[in-house]
Amino acid sequence: MSADRTGAEGTEAPKPAGGDGVSGSEDQVHTDSGLPVDELYGPDSIQFDPATELGRPGAFPFTRGVYPNMYRGRLWTMRQYAGFGTAAETNERYHYLLERGQTGLSVAFDLPTQMGYDSDHPMATGEVGRAGVAIDSLEDMRILFDGIDLGEVSTSMTINSTAAILLALYIAVAEEKGIPRKALAGTVQNDILKEYIARGTYIYPVDPSLRLISDLMAFCSEEVPRWNTISISGYHIREAGSTAPQEVAFTFANGLEYVKRAAEAGIDVDEFAPRLSFFFAAHNDFFEEVAKFRAARRLWARLMRERWDASDHSCRLRFHTQTGGSTLTAQQPRNNVVRVTIQALSAVLGGTQSLHTNGYDEALSLPSEEAAELALRTQQILAFESGAPRTVDPLAGSYFVEDLTNRIEREARRYLEEIDARGGAAGAISYMQEEIHRAAYRFQMEVESGDRTVVGVNRFQGDDPAPEMDRTDYSGLEASQKARVGELRSTREPEPVERALARLKEAAQGSENLMPRILEAAKAMATLGEISDALRESWGSYAPKG
């Protein structure tokens with residue numbers, strides 16, 4: 001190590017800001033997203049009318065928050081995302097988290113469930129229970145929520161292509177417990193456009209997929225009015241490598257497409273828009289992330305007013321936040337505790353409505369109980385010890401934060417204009433994919449060149465014993481789940497299943513709302529894969545352009 005890079009105690013001294021830890025040269029400093037950062041900010045840095053740009057919390061354009069008193073009235077929901085292995089194992093984790101103060105459930109599903117395959121399908125081999133819980137049928141859903149009062153707890157389900165099927169199974173379980181549909185509260189992600197753009201768990205072509213979303217929205221507006229029918233996700237767009245402005249812009253492009261499709265289906269905007277929710281990532285650039293959340297709130301309000309003359313209630317952006325999975329490192333994994341804390345605080349100061357904090361060991365395996373509890377405790381310390389919830393939007397008026405807020409909004413609008421010129425989100429999938437790929441490539445090149453520091457990865461390496469790894473016997477789990485599906489098929493009444501699936505195919509080839517047919521099939525004990533296949537046979541599968 002050279003002398004000019006060594007501190008008094010023999011440790012490596014920090015590089016000047018701009019040459020490390022941020023994007024850019026020593027003379028030009030940028031945020032993580034590439035926005036230039038000045039050395040000093042003052043009154044001349046921002047010129048805007050506080051009455052129109054900021055307003056008051058709870059009032060249009062909602063820059064400062066969607067509710068007048070924000071966390072002084074009610075804390076954000078601490079909704080830890082969990083799901084692994086079997087329904088029984090996941091049910092145990094839910095009880096564990098609820099007993100320790102979690103206030104909402106969030107379900108992670110394995111890849112076969114997300115892709116519409118039963119656990120015994122050849123395409124499911126090697127993936128059953130690995131990325132989340134395997135749900136093949138109504139029987140699995142019963143076990144997943146055993147002993148949990150679905151009338152008292154809200155449930156978020158991170159599911160897209162098969163969202164309508166999973167919601168149908170959830171409704172069926174609730175009704176078996178004597179809980180009416182109108183009492184159910186929660187969210188299905190149900191955001192298929194971001195799957196085409198950034199994630200890949202799509203099944204059907206774009207247009208029938210969007211029809212399925214519209215059908216679910218229309219059904220819930222009448223039958224399950226407390227349910228958020230879509231959580232429009234920027235999280236996966238950011239995790240794929242986008243910048244913060246791209247995350248906002250591409251998420252809103254998708255959201256506007258859903259609003260347009262619902263309106264074309266005859267649903268009044270002010271009837272369904274208040275039930276829309278959003279899902280964003282929180283990454284490491286603290287001030288940029290706070291500004292991103294503030295800019296997103298203001299931009300969505302303005303877009304809804306400009307394009308749909310929506311009411312204030314429909315312009316209100318409510319969102320869930322998850323700390324950045326892609327920012328977690330397998331090297332020195334305990335450093336992730338600090339990263340997660342910084343990210344979570346940015347979401348709180350940015351005004352999130354609910355929050356998931358990642359376990360520090362998730363770059364290595366599914367989170368251990370210790371890591372999951374510490375992640376929840378992180379939120380509780382922020383809520384009850386940090387003082388952050390005591391006043392609304394405490395960083396408002398910061399010259400730096402207000403300037404970043406304005407610039408992120410302008411940059412996001414620039415992307416939206418380009419997407420509009422391409423016919424909207426459904427016609428701009430390739431464009432958004434390419435922009436994300438460019439941003440991800442730039443980021444990775446900066447890490448590999450050393451222009452961007454990732455502590456413990458490309459600088460400050462050292463020994464940190466790895467935590468206990470996940471030792472789940474997935475091969476045994478898969479065999480057990482396959483046996484359960486086989487037993488279900490051999491013991492159920494075949495005629496109701498066949499009849500319900502035939503009706504679903506007929507409806508898919510017509511124009512009636514599909515949700516009642518999907519619910520009928522779920523209650524008849526058709527499996528998730530069989531219901532998905534009925535729609536595959538009617539619509540075909542999506543083939544990416546390449």
Residues [X] and [Y] bridged, charged N to O under 4.0 Å:
{"X": "E417", "Y": "R414", "value": "no"}
{"X": "E306", "Y": "R302", "value": "no"}
{"X": "R261", "Y": "E257", "value": "yes"}
{"X": "E409", "Y": "R294", "value": "no"}
{"X": "D403", "Y": "R407", "value": "yes"}
{"X": "E373", "Y": "R377", "value": "yes"}
{"X": "D146", "Y": "K177", "value": "no"}

### Query
Can you pull the salt bridge (charged side-chain N to carboxylate O under 4.0 Å, His left out) pairs that have at least one residue in residues 221-236, sequence neighbours excluded?
R181-E223
### Task
Give a yes-or-no answer on whether the side chains of Q379 and T357 include a donor-acceptor pair shorter than 3.5 Å.
yes
### Query
Is it true that a side-chain atom of R238 and a backbone atom of E247 form a donor plus acceptor pair closer than 3.5 Å?
no
Should [X] and [Y] count as side-chain neighbours, where that means a heavy-atom distance under 4.5 Å?
{"X": "I148", "Y": "L105", "answer": "yes"}
{"X": "R307", "Y": "L256", "answer": "yes"}
{"X": "L276", "Y": "V259", "answer": "yes"}
{"X": "V248", "Y": "Y415", "answer": "no"}
{"X": "R334", "Y": "D361", "answer": "no"}
{"X": "L167", "Y": "I159", "answer": "no"}

### Summary
Of H283, E411, E288, the one forming a side chain to side chain donor-acceptor pair (under 3.5 Å) with S33 is E288
#### Entry: Geometric class of the Y94/F145 ring pair [parallel <30°, tilted 30-60°, perpendicular >60°]
parallel
### Message
Below 30° counts as parallel, above 60° as perpendicular, anything between as tilted: where do the rings of F252 and W300 land?
### Response
tilted
### Message
Please list all pairs meeting side-chain hydrogen bond (donor to acceptor under 3.5 Å, both in side chains) that have one or both residues in residues 60-75, counting only residues at least two apart or in different chains.
### Response
R64-D393
#### Entry: R318 NZ/CZ over F278 ring centroid, <6.0 Å and within 45° of normal
no
### Task
Would you name the heavy atoms of P274 and V269 that are closest together and state the gap between them?
CD-O, 4.0 Å
### Task
From the options F279, Y235, F293, W76, select the one residue that forms a ring-ring contact (aromatic ring centres under 6.0 Å, His included) with F319.
F293
### Query
Could you go step by step and tell me if D191 and R199 meet the salt bridge (Lys or Arg N to Asp or Glu O under 4.0 Å) rule?
CA-CA 11 Å; D191 176 8; R199 190 160 176 269; over 6 Å; no
#### Entry: Identified side chain to side chain contact (heavy atoms under 4.5 Å, CB included) partner of F280 from the options I232, L317, T352
L317
### Query
Above 12 or not: heavy atoms from other molecules or residues under 6.0 Å from CD of Q461?
yes
